[in-house]
Amino acid sequence: MPLILGIESSCDDLAAAIVRDGTEIVASRVQSQDSVHAPFGGVVPELASRDHIRYVHRVVDETLQAAGCTPRDLDGIGVTTGPGLIGSLLVGVAFAKAFAFQHQRPLLAVHHIEGHLASARLEAEPIEFPYLGLVVSGGHTALYRVASLAQIDLLGQTRDDSAGEAFDKVAKRMGLGYPGGREVDRAAETGRREAYEFPRPMLKNPGLDLSFSGLKTAVALEVARAEDSNGGVLDPTVRSDLCASFQEAVVDVLIAKTERALQRTGLTRMAMVGGLAANRRLRERMTEFAEQHALVLRFPPIQLCTDNAAMIAAVADRMLLEGRIAAKDVEAFSRVPMEMRP
Ligand code: KG4
Ligand code: ZN
């Protein structure tokens, strides 16, 4: 029954968690920086890493306390080494290296996206392999065939912006505040989904790749038009309609590509993970889709969709079992494809 401490600091959330046996969350903490970045309407990398330095000791200590354990009880320490913002990653990696060395515990270097894919296994009833993994996060939008956590094959990915980036940029353009995705989700609730006919990018393209940059631009043009016709101000009702119509376009594309990926691979199980998997409309539509197609669908609870350290500990648990211990001089990488992961 290995007990693993996970540490995640790849972007603007600093998280620590203790997971038993790769599936049971004993304690989990996430220190959000929303109030730090909100005045700027997006993540300011330098502020993110400075804030991580300020809190990393405290968050790890609190997590150990909440779990009622000491460093001696731990069997290993997992840390995200990439991809992400390099300054942010370095804080977690430097801390984890020192902590592992001080307490003479093995260190495991975890790929952030593998962490998201593993988040679907942190449940009472973890999804069985193989499954289709739809990763919809701030940095990534991709489809994978997950045969096991050790064998993950990319099927398709976005050619430009991620769906999360599109949400964040659309939110910023409409003055909806930060973090943007959640605000668009909220504003869309009272909007009309059919009010605007936005493009569904890459649907005519036969492959599994995606694209969201054109859709983002189409929304920005419509926002400008709506402002121009209303004395330079975006009417809140129109804004809600724009959000609902934009969100529907993203969801349509994600469902269509998912359906295509399932047909191609013959998979009958799928997990939807990453920050955007917290989106209420996406959860609702994907649930309907799964029911219609007798598909086993899992998406994590909201707190495990967005960045967290339990998913990092879950991957580290498997790496420890396989003896894939990180070298003492392990480094952080801002960009590292899944096939190059540790
Ligand atoms: O996975 P995540 O926490 O961080 C990355 O690894 O990137 O994902 C963050 C992304 C952001 O783009 C955020 O706006 C989006 O997830 N997000 C949402 C919602 N909650 C978070 N997007 C749409 N609807 C939501 N409810
Ligand atoms: Zn993430």
Side-chain angles (χ1 to χ4, degrees), residues 6-15 17 28 30-34 37-38 41-43 45 48 79-85 88-89 92 110-120 122 133-142 144 157-158 161-174 176-189 191 212-213 215-216 219 243-244 246-251 253-254 271-286 299-312 314-315 334-336 338 341:
I7 298 174
E8 152 66 40
S9 71
S10 65
C11 190
D12 60 335
D13 288 321
L14 175 68
S28 181
V30 181
Q31 168 88 25
S32 161
Q33 297 182 355
D34 288 355
H37 304 291
V43 178
V79 64
T80 308
T81 49
L85 299 172
S88 289
L89 286 162
V110 178
H111 190 282
H112 184 78
I113 301 305
E114 188 176 353
H116 275 301
L117 285 167
S119 66
L122 283 164
L134 170 63
V135 179
V136 275
S137 73
H140 297 79
T141 304
Y144 296 94
Q157 65 185 328
T158 182
D161 290 357
S162 72
E165 262 175 277
F167 265 82
D168 292 339
K169 287 177 184 163
V170 160
K172 192 171 179 180
R173 177 63 188 85
M174 294 189 195
L176 274 173
Y178 169 88
R182 216 170 47 201
E183 297 305 320
V184 172
D185 185 341
R186 205 169 286 162
E189 206 170 20
F212 293 100
S213 149
L215 171 59
K216 176 193 70 187
V219 177
C243 285
F246 158 72
Q247 187 170 272
E248 206 63 11
V250 174
V251 172
V253 171
L254 292 174
M272 181 169 78
V273 299
L276 219 94
N279 183 270
R280 285 173 293 176
R281 183 65 181 152
L282 182 58
R283 287 165 93 96
E284 180 182 73
R285 290 273 314 274
M286 204 54 103
F299 39 75
I302 306 274
Q303 70 275 16
L304 294 178
C305 287
T306 43
D307 287 346
N308 65 88
M311 65 186 196
I312 303 304
V315 176
S334 59
R335 284 169 181 269
V336 48
M338 277 282 271
R341 69 190 189 280

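Remember, it's 1-based here, ligands and their atoms both numbered in the order they're listed.
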(message) I'd like to know if Arg280 and Glu284 make a salt bridge, using a cut-off of under 4.0 Å between side-chain N and carboxylate O.
(response) no

(message) Taking Arg285 first and then Glu248, would you say they form a salt bridge - that is, a charged N and a carboxylate O separated by under 4.0 Å?
(response) yes

(request) List every atom of ligand 1 that sits less than 4.0 Å from any heavy atom of Gly164, numbering the atoms from 1 in the order shown and giving each element. (result)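 Listed by number with element: 12 (O).
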
How does [X] reach ligand 1, by side chain, by backbone, by both or by neither, if only non-hydrogen atoms under 4.0 Å count?
{"X": "Thr306", "value": "both"}
{"X": "Asp168", "value": "side chain"}
{"X": "Arg280", "value": "neither"}

(request) Determine yes or no for a side-chain-to-main-chain donor-acceptor pair under 3.5 angstrom, with Ser162 supplying the side chain and Gly138 the backbone. (result)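 Present.
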
For [atom], what is the nearest protein heavy atom, given as residue, atom name and distance?
{"atom": "atom 7 (O) of ligand 1", "value": "Gly138 N, 2.8 Å"}
{"atom": "atom 6 (O) of ligand 1", "value": "His112 NE2, 3.1 Å"}
{"atom": "atom 24 (N) of ligand 1", "value": "Asn279 ND2, 3.0 Å"}
{"atom": "atom 26 (N) of ligand 1", "value": "Asp185 OD2, 2.8 Å"}

(request) Please say which of Arg341, Glu8, His140 ends up in a side-chain hydrogen bond (donor to acceptor under 3.5 Å, both in side chains) with His112. (result) Glu8

Using distance alone, determine whether [X] and ligand 1 share an N or O pair under 3.5 Å.
{"X": "Asp307", "value": "yes"}
{"X": "Glu165", "value": "no"}
{"X": "Gly275", "value": "yes"}
{"X": "Phe167", "value": "no"}

Separation between [atom1] of [X] and [atom2] of [Y], rounded to the nearest 0.5 Å:
{"X": "Cys243", "Y": "Arg186", "atom1": "SG", "atom2": "CZ", "value": "12.0 Å"}
{"X": "Gln33", "Y": "Asp13", "atom1": "CD", "atom2": "CG", "value": "7.0 Å"}
{"X": "Leu85", "Y": "Cys11", "atom1": "CG", "atom2": "SG", "value": "4.5 Å"}

(request) Given side chain to side chain contact (heavy atoms under 4.5 Å, CB included), test Val253 with Leu215 step by step and report yes or no. (result) CA-CA 11 Å; Val253 171; Leu215 171 59; 5.9 Å; no

(request) Indicate the atoms forming the closest heavy-atom contact of Arg182 with Asp34, along with that distance. (result) NH2-OD2, 3.7 Å

(request) Using non-hydrogen atoms of the residue, decide whether His140 is closer than 4.0 angstrom to ligand 1. (result) no

(request) Please verify whether a non-hydrogen atom of Gly139 lies at under 4.0 Å from ligand 1. (result) yes

(request) Answer yes or no as to whether an N/O/S atom of His112 is found below 2.8 Å from the Zn ion (ligand 2). (result)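 Looking at His112, which is the residue asked about, there is an N, O or S atom under 2.8 Å from the Zn ion (ligand 2).
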
(request) Using 2.8 Å as a strict upper limit, say whether an N, O or S atom of His116 approaches the Zn ion (ligand 2) that closely. (result) yes

(message) Against Met311, only a single residue in Thr80, Val110, Leu122 fulfils side-chain contact (heavy atoms from CB on, under 4.5 Å); can you say which?
(response)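 Option passing the side-chain contact (heavy atoms from CB on, under 4.5 Å) with Met311: Leu122.
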
